[in-house]
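Every chain is numbered from 1 and lettered A, B, ... according to where its sequence line falls, protein lines coming before strand lines.
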Amino acid sequence: MLIEKIITILYLSGDPISCDKIASLCEVNKEEVVAAIKELEETASKASLLIVYDGENLSLVTKKEQSALVEKFKQKELEGDLTPANLQVLTLVAYLDTPNKETISYIRGVQSSQSIRALLIRGLIKKEGESLSLTTEAFKYLGITKKEELPDFERINQSFTKKLNEKEGQ
Amino acid sequence: MLIEKIITILYLSGDPISCDKIASLCEVNKEEVVAAIKELEETASKASLLIVYDGENLSLVTKKEQSALVEKFKQKELEGDLTPANLQVLTLVAYLDTPNKETISYIRGVQSSQSIRALLIRGLIKKEGESLSLTTEAFKYLGITKKEELPDFERINQSFTKKLNEKEGQ
Amino acid sequence: MEFTVKLDRFEGPYTALLELIENKKLSITEISLVSVTDDYIAYVRSLNDKNVIDISQFVVVASTLMLMKAKSLFPEMVYTEEEERQIDDLEKKLELHTILKDAELGIKNTFAKSVLYSRAYKLPESVMVFVIDTRLSLQLLQSIASMTLVTFLEPKVLTKIAVEKAIRIENVIEDIMTRIKSAQTLSLQTMSQSAGTVEEKKKILITSFMAILELLKNGALSATQDEKGGDIILSKI
């Protein structure tokens, strides 16, 4: 069913997507996608969501009436102390050499996506490709200019690296 | 309207979010959120989406039928492989009622720390105190929205429980 | 001896045993357990401390099987309470594994086949925020790093202890042999004395003889025959 497919794509994307691209993913032609927009709007509204169509791209968004809640949600993500888990992830990002999510999860023994996300949102760490590192602002706040200035950096960094390499060797 | 608010939050979050957190954002108590889950499921299904509830967190997800479409869209490889040992531990966590490490090792006859750790790192199981349970992520991988949808859940869960309770003698 | 058990090294002693029983298309009974004893022992011998972290559990299972086999050969042997418990436990574990195997198949068939997806959280790109936690300091990072390092390095230590604790199967076989009867030796004649008819007696003699041959093959028993056609005297080595 076309409507279901389009909703699936829009939901996952978050970003606006062109009708052309949707058509190709759903293996129909563009006209069929455009013709489905009205039904799409009705379907989305049943689930309290909205379809935005700018004549070219489609996207699925939250309703205007909920904008206060949306703001509150974003605010909540930012406020409050960092959890112990967040602090541990931040520490690992600081002491390791641009680790990725998997390395951090491996060291901690638990999945770390949520903490990484919280730190990204707060602007404490940044992500380039899969590599995580501290932001300039975080360095500034800590009063250092490069990670080598972290206390006991060399020993801690090398102990982690050594143990991580052993794992690969296994 | 609570349903609409929850959908908005789930849509924004993407990641699973706890009923506690939802309650605080919507300014209701947790019981009201839990009580709304059924209606929430109905609403989501009108837009061809599903609600996953792992007993603690809620998440808005796409339907099982659309997984091929999504994979085409995401072009991301799934980590589909489980070692036999990890599969065995995951199965026990799924079908037993929040077992601990000892119960799992008792049944398997081998130390299960390594497998438990691997599953924790992949985010397929979670640990609260000593109790292990499936995460929303695991539900999604298994294509189910709640524990009861596991293949043949009731029968297998009961066979296990019955057999395990015979343990008394020892 | 043809048997194939291809197992992940962490799968454990019961998975291996169940596999052997199922390969022979048997159900879980004392008889079927006895019949796979040799294969199981050979399997445990093929494992070594290096590739199995916790070999002791395999050895416990092997010793329980040997006990049952000994009892099947020498019915006069009486189980101690501890041994009874050990055997009950083995049977129970196997039944649990039968359920588990069934459940595993269901999970295996569904896992990562039709996945439900949720959308990824989108970072608010427009506004670059920087929200600090005032507790954050170099000292805090250092202490968290050191603690994390300690727990990260620790698991290795636990593994080593487990390996040291492992029992060797040879010791267990020896223990089992001391358990075989209070009497040091047994003769085939006494074993078949309980038989009513000549036909029955013959049958018992033959089956016992086959069974004993298996134990002999294991090097667990020695048999002597003083004169041609005379009684065969069994004794432990």
Side-chain angles (χ1 to χ4, degrees), chain A residues 8 10-15 60 74 77-84 86-96 104 106-109 113-114 117-124 126-127 134-138 140-144 149-153 155-157 159-160 162-164 166-167, chain C residues 7-11 47-55 107 110-163 166:
Chain A
T8 301
L10 294 180
Y11 168 64
L12 290 175
S13 158
D15 289 327
L60 186 67
K74 289 183 179 164
E77 296 276 322
L78 296 174
E79 73 191 23
D81 286 341
L82 292 171
T83 64
N86 295 350
L87 285 170
Q88 193 179 34
V89 172
L90 182 69
T91 303
L92 289 171
V93 173
Y95 276 91
L96 298 173
I104 288 176
Y106 177 76
I107 293 175
R108 298 183 60 227
S113 314
Q114 306 241 9
R117 178 183 132 166
L119 294 168
L120 284 169
I121 293 172
R122 284 169 169 250
L124 290 167
K126 61 179 193 288
K127 190 176 166 189
L134 294 192
T135 58
T136 323
E137 287 80 6
K140 241 184 249 167
Y141 182 83
L142 290 167
I144 54 174
E149 291 170 27
L150 286 162
D152 208 5
F153 175 79
R155 186 187 66 84
I156 294 174
N157 175 280
S159 309
F160 274 120
K162 192 165 156 255
K163 175 80 186 185
L164 282 170
E166 271 175 35
K167 168 206 161 199
Chain C
L7 289 167
D8 183 272
R9 59 196 178 127
F10 297 119
E11 265 185 291
L47 302 171
N48 56 53
D49 296 353
K50 264 185 202 151
N51 58 29
V52 178
I53 283 194
D54 200 3
I55 203 169
I107 295 286
T110 44
F111 191 80
K113 294 293 186 301
S114 306
V115 179
L116 313 177
Y117 290 91
S118 61
R119 66 183 281 244
Y121 180 74
K122 296 195 69 62
L123 290 172
E125 285 161 30
S126 48
V127 248
M128 178 61 203
V129 282
F130 179 65
V131 186
I132 205 65
D133 182 323
T134 49
R135 292 170 302 168
L136 217 54
S137 69
L138 287 175
Q139 286 67 36
L140 182 71
L141 290 189
Q142 185 189 8
S143 62
I144 296 173
S146 309
M147 281 186 317
T148 308
L149 190 58
V150 170
T151 46
F152 183 52
L153 298 177
E154 188 185 35
K156 200 84 183 177
V157 181
L158 289 175
T159 309
K160 259 188 199 150
I161 295 168
V163 173

Novice: Determine the minimum heavy-atom distance between A/Pro151 and C/Leu138, stating which atoms define it.
Specialist: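 Nearest heavy atoms, A/Pro151 then C/Leu138: CG-O, 3.6 Å.
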Novice: Does any heavy atom of chain A fall under 4.5 Å from the side chain of C/Thr148, the backbone, both, or neither of them?
Specialist: both
Novice: Should we say atom NZ of A/Lys126 is surrounded by more than 12 heavy atoms from elsewhere, each under 6.0 Å from it?
Specialist: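 Above 12, so yes.
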Novice: Name the option with the most non-hydrogen atom pairs under 4.5 Å to chain C; the candidates are A/Leu150, A/Leu92, A/Asp152.
Specialist: A/Asp152
Novice: Considering non-hydrogen atoms only, spot the tightest contact between A/Arg155 and C/Ser146 and give its length.
Specialist: NH2-OG, 4.3 Å
Novice: Hey, does A/Asn86 have a side-chain heavy atom less than 4.5 Å from the side chain of C/Asp133?
Specialist: no
Novice: Which pair of non-hydrogen atoms, one from A/Tyr141 and one from C/Leu136, has the smallest distance, and what is that distance?
Specialist: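 Looking at all heavy atoms of both residues, the shortest contact is CE2-O, 3.5 Å.
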Novice: Is any side-chain heavy atom of C/Gln142 less than 4.5 Å from a side-chain heavy atom of A/Tyr95?
Specialist: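 C/Gln142 vs A/Tyr95: side chains touch.
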Novice: How far apart are the closest heavy atoms of A/Gln88 and C/Ile144, and which atoms are they?
Specialist: CA-CG2, 3.8 Å
Novice: Which heavy atom in A/Ala94 sits nearest to a heavy atom in C/Leu141, and how many Å separate them?
Specialist: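 Heavy-atom minimum between the residues: CB-CD1, 4.3 Å.
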Novice: Considering all heavy atoms of both residues, which atom of C/Tyr117 and which atom of A/Tyr11 are nearest to each other, and what is their separation?
Specialist: O-CE2, 3.9 Å
Novice: Would you say that A/Thr91 contacts C/Met147 through its side chain, given a criterion of any heavy-atom pair below 4.5 Å between the two side chains?
Specialist: no
